[in-house]
Engineer: 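Take a look at the following structure, please.
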Amino acid sequence: MNNKKLVFSGVQPTGNLHLGNYLGALKNFVSLQKEMDCIYCVVDLHALTVFQKPNDLQNNVLETVASFVATGLDPNKSIIFNQSAVSGHAELAWIFNCVSRVGWLNRMTQFKDKAGSDKEKASVGLYIYPNLMAADILLYKATHVPVGADQKQHLELSRDIAQKFNNDFNCKNFFPLPEPLISKNISRVMSLRDATKKMSKSEESDYSRINLKDSADEINKKIKKAKSDSSSIPDNLKNLEKKPEAYNLINIYSEISKKNLDKVLKEMSGKEYSFLKNKLAEILIDEIIPVGKEIKKLLSDKPYLVQILKKGTEKANIIAEENLKNIREKVGLI
Ligand code: AQP
């Protein structure tokens with residue numbers, strides 16, 4: 001077996017990227033680029049699982065590429081492309097639809113969350129989305145997948161599919177079992193309005209998230225309005241954990257300021273939440289505003305972004321076609 005480490009991850013072009021995508025995924029992508037070969041994909045086929053207006057989808061694909069580059073991904077080092085441009089993703093997803101089991105998909109909590117109370121009305125695509133995600137990763141035989149904690153279950157399913165394929169077609173170690181790379185400090189950034197839910201692009205209220213393109217004024221307002229607590233900041237983690245909204249804000253502060261939680265609690269204990277919010281807004285503005293400016297600058301040169309996708313697609317296709325040739329052979333397709 002080829003033991004070379006290869007990173008693959010994807011981001012859906014479903015709207016403005018936010019602080020959750022930034023801390024849970026993009027920052028990780030950038031640091032991995034220094035150590036390993038990386039493939040980063042704008043997963044437009046995944047976006048279709050929930051209806052997208054065609055024009056919005058096109059703009060969001062380019063905006064996602066701009067966000068990748070603005071946060072530090074280098075298109076000359078990493079392969080950056082959009083999923084639909086490499087048809088192998090859809091082909092392998094079909095093969096995996098036939099390997100994966102209904103019982104496995106029935107356990108996926110994200111489908112339950114996204115489909116809501118009326119599952120009958122959800123698209124079939126939304127239900128089988130994790131099989132396509134397995135195809136995205138395994139088409140390149142990727143070994144490591146940086147994701148937020150919300151994707152851990154889907155990644156476990158990718159491992160199950162890889163394992164079953166290797167067993168069914170009697171080809172031990174053909175597909176690697178991909179490992180999740182989940183940020184240790186902040187794996188899940190929660191909504192600023194309801195800390196039981198993750199920060200998300202599709203959440204109705206814009207006040208629930210900090211978008212990478214927000215102005216300093218918007219960041220200030222959103223942090224000031226973020227749900228917190230009327231008592232003062234506790235001096236220990238155990239008490240903080242009982243207050244999920246406050247915990248989320250402190251966690252974000254800790255991650256951006258690069259101070260561990262104990263240190264932050266020492267600095268903040270006994271103070272009002274307004275003190276934390278002022279400090280948090282300040283460091284978020286310092287961190288996010290330059291990224292937002294760069295995204296806007298890149299978006300003013302769409303041909304450059306299209307060119308990044310074109311070059312990335314060419315590179316991705318070469319690896320995909322080579323692997324697909326072997327996959328078709330294993331399965332018995334002529
Ligand atoms: N709140 C979050 N905290 C930490 N990581 C997160 N990610 C997403 N939200 C958070 C990580 O970002 C990467 C890209 O995610 P995605 O955009 O492809 O899909 P998603 O997880 O479904 O993100 P959203 O914002 O919730 O999008 P919508 O609303 O369109 O479904 C992934 O690695 C994810 O873990």
Side-chain angles (χ1 to χ4, degrees), residues 7-32 38-53 56-57 60-61 63-65 67-68 71 73 80 82-84 89 108-116 122-123 125-126 129-130 132-133 136-137 142 144-158 178-206 208-213 222 226 244-245 247-249 251-252 254-256:
V7 168
F8 179 96
S9 197
V11 174
Q12 292 192 71
T14 39
N16 285 324
L17 297 200
H18 50 72
L19 188 66
N21 300 127
Y22 179 70
L23 295 179
L26 295 181
K27 281 195 96 172
N28 231 345
F29 291 4
V30 174
S31 55
L32 286 164
C38 299
I39 304 178
Y40 296 120
C41 185
V42 183
V43 285
D44 46 6
L45 296 177
H46 282 287
L48 296 180
T49 56
V50 176
F51 180 75
Q52 307 290 322
K53 290 190 187 134
D56 289 355
L57 181 60
N60 286 334
V61 169
E63 177 143 350
T64 309
V65 180
S67 305
F68 280 3
T71 45
L73 286 185
I80 296 174
N82 57 316
Q83 187 186 27
S84 61
H89 289 255
M108 297 297 114
T109 55
Q110 194 185 73
F111 174 75
K112 290 176 195 154
D113 293 345
K114 286 204 172 173
S123 74
L126 189 66
Y129 165 121
L132 176 59
M133 178 167 157
D136 299 335
I137 300 163
H144 293 81
V145 186
V147 280
D150 56 308
Q151 291 295 336
K152 191 164 175 263
Q153 195 185 31
H154 289 165
L155 204 69
E156 277 156 11
L157 185 96
S158 299
E179 301 273 349
L181 295 174
I182 296 177
S183 162
K184 283 193 190 67
N185 309 330
I186 191 155
S187 57
R188 203 187 288 259
V189 179
M190 308 312 280
S191 154
L192 300 177
R193 309 298 291 161
D194 173 0
T196 60
K197 294 187 188 153
K198 70 166 187 158
M199 189 176 280
S200 168
K201 299 184 214 100
S202 51
E203 169 66 47
E204 218 170 291
S205 166
D206 200 49
S208 66
R209 64 185 160 260
I210 303 290
N211 302 307
L212 297 185
K213 282 200 314 186
K222 287 178 179 180
E245 273 86 16
Y247 185 51
N248 187 37
L249 296 180
N251 223 354
I252 298 171
S254 152
E255 181 66 16
I256 306 261

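Indexing begins at 1, ligand by ligand and atom by atom, following the structure's order. Keep in mind that what you see is a predicted model, and the values were worked out from it rather than measured.
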Engineer: Please list, chain by chain and in numerical order, all residues satisfying ring-ring contact (aromatic ring centres under 6.0 Å, His included) with His144, sequence neighbours excluded.
Structural biologist: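 With neighbours one apart ignored, the set is empty.
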Engineer: Without hydrogens or angle criteria, can the side chains of Thr109 and Gln153 be said to hold a donor-acceptor pair below 3.5 Å?
Structural biologist: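 Yes, a side-chain donor-acceptor pair sits under 3.5 Å.
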Engineer: Where the side chain of Tyr40 meets the backbone of Phe29, is there a donor-acceptor pair that is under 3.5 Å apart?
Structural biologist: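 Yes; judged by distance alone, with no hydrogens or angles, the pair exists.
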Engineer: Which residues pass the side-chain hydrogen bond (donor to acceptor under 3.5 Å, both in side chains) test with Asp150, sequence neighbours left out?
Structural biologist: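 By the side-chain hydrogen bond (donor to acceptor under 3.5 Å, both in side chains) rule, Asp150 matches Lys198.
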Engineer: Determine whether more than 12 heavy atoms belonging to other residues, nucleotides or ligands lie under 6.0 Å from atom NZ of Lys112.
Structural biologist: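 Correct, the count exceeds 12.
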Engineer: Pairs under 3.5 angstrom, nitrogen or oxygen on both sides, ligand 1 versus protein: list them out, please.
Structural biologist:
unit_1, atom_1, unit_2, atom_2, d
ligand 1, 1 (N), Val189, O, 2.7
ligand 1, 1 (N), Met199, N, 3.4
ligand 1, 1 (N), Met199, O, 2.9
ligand 1, 3 (N), Val189, N, 2.8
ligand 1, 5 (N), Gly20, O, 3.2
ligand 1, 12 (O), Asn21, ND2, 3.1
ligand 1, 17 (O), Lys201, NZ, 2.3
ligand 1, 18 (O), Gln12, N, 2.8
ligand 1, 19 (O), Gln12, NE2, 3.3
ligand 1, 21 (O), Asp150, OD2, 2.9
ligand 1, 21 (O), Lys198, NZ, 2.7
ligand 1, 22 (O), Gln12, NE2, 3.4
ligand 1, 22 (O), Lys114, NZ, 3.2
ligand 1, 23 (O), Lys198, NZ, 3.4
ligand 1, 25 (O), His18, NE2, 2.7
ligand 1, 25 (O), Lys201, N, 3.0
ligand 1, 26 (O), Lys198, NZ, 3.0
ligand 1, 26 (O), Ser200, OG, 2.9
ligand 1, 27 (O), Lys201, NZ, 3.3
ligand 1, 29 (O), Ser200, OG, 2.7
ligand 1, 29 (O), Lys201, N, 3.4
ligand 1, 29 (O), Ser202, N, 2.9
ligand 1, 29 (O), Ser202, OG, 2.4
ligand 1, 30 (O), Thr14, OG1, 2.8
ligand 1, 31 (O), Lys114, NZ, 2.4
ligand 1, 33 (O), Gly148, N, 3.3
ligand 1, 35 (O), Gly148, N, 2.8
ligand 1, 35 (O), Asp150, OD1, 2.7
ligand 1, 35 (O), Asp150, OD2, 3.4

Engineer: May I have all residue pairs that pass salt bridge (Lys or Arg N to Asp or Glu O under 4.0 Å) and include part of residues 13-26, sequence neighbours excluded?
Structural biologist: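 Checked against salt bridge (Lys or Arg N to Asp or Glu O under 4.0 Å) - neighbours excluded - no pair reaches residues 13-26.
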